[in-house]
Amino acid sequence: GQSLEQPSEVTAVEGAIVQINCTYQTSGFYGLSWYQQHDGGAPTFLSYNALDGLEETGRFSSFLSRSDSYGYLLLQELQMKDSASYFCAVRDGGGADGLTFGKGTHLIIQP
Amino acid sequence: GAGVSQSPSNKVTEKGKDVELRCDPISGHTALYWYRQSLGQGLEFLIYFQGNSAPDKSGLPSDRFSAERTGGSVSTLTIQRTQQEDSAVYLCASSFSDQSGTEQYFGPGTRLTVT
């Protein structure tokens with residue numbers, strides 16, 4: 001089977017930097033994705049890492065270490081609108097299956 | 001262009017009744033996925049379609065759940081003899097390919113409540 005672990009809740013201050021960690025155990029591995037979901041909204045794609053290293057997209061960056069089965073999402077210059085739940089997800093088969101999601105990290109931004 | 005749409009947005013049904021949930025993916029997207037999300041939880045994969053075929057049905061929680069996709073477009077998820085534990089938000093997503101890392105676009109979901 002597969003499982004992903006991430007903190008249930010993280011609190012940070014507006015303008016600061018926050019890191020959300022994700023560790024995974026899967027039978028296979030084809031990359032780590034991150035999705036954002038605001039309360040009552042649909043998940044939206046943030047990033048994807050297939051190889052080790054850091055991927056940067058604006059204020060958001062995502063990191064992967066395949067040898068450690070570990071990744072993180074880094075959010076910089078936090079804004080109040082970043083308050084949301086963040087999910088890491090893996091695809092552990094070939095093309096023909098869905099994503100396995102973690103339970104999500106609820107990010108609370110304080111002014 | 002339009003995003004992924006789902007109907008109904010909310011469905012309240014009595015235990016034991018059958019329900020049908022509909023998903024209209026983004027035009028041209030060949031891959032379609034169904035997930036469900038219980039309150040405060042992550043997303044649970046249910047089933048995946050590539051075109052009209054479903055190579056992976058492993059996530060369906062019981063034989064009361066079935067899904068079909070016709071014309072490579074619209075998909076319906078059917079739950080027979082609903083139980084209270086089926087209450088959740090059912091999310092549909094589509095992507096232009098099934099390759100790993102391809103962004104999945106999610107619909108707004110159908111909130112199912114079984115009383």
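Here is the naming used below: chain letters follow the sequence lines, and residue numbers restart at 1 for every chain. What you are looking at is a predicted structure, and each value in this text was computed from that prediction instead of being measured. Worth knowing before you read on, the calculation uses all heavy atoms, side chains too, and leaves out hydrogens, waters and symmetry mates.
Under the 6.0 Å cut-off for aromatic ring centres, B/Tyr35 and A/Phe101 qualify, their centroids lying closer than that.
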Test log, rule side chain to side chain contact (heavy atoms under 4.5 Å, CB included), inputs B/Thr76 and B/Leu21:
CA-CA 5 Å; B/Thr76 54; B/Leu21 312 179; over 6 Å; no
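Without hydrogens or angle criteria, A/Arg59 side chain to A/Gln76 main chain gives a donor-acceptor distance under 3.5 Å. Looking only at distances, no side-chain donor or acceptor of A/Ser69 sits under 3.5 Å from a matching main-chain atom of A/Gln25.
The parts of B/Leu43 that come within reach of chain A are both its backbone and its side chain, each placing non-hydrogen atoms under 4.5 angstrom from that chain. Looking at B/Gln37, only its side chain comes within 4.5 Å of chain A, counting heavy atoms on both sides. Contact annotation for B/Gln41: both backbone and side-chain heavy atoms come within less than 4.5 Å of a heavy atom of chain A.
Annotation: maximal heavy-atom pairing with chain B below 4.5 Å, among A/Gly40, A/Ser85, A/Gly41, A/Ala42, occurs at A/Ala42.
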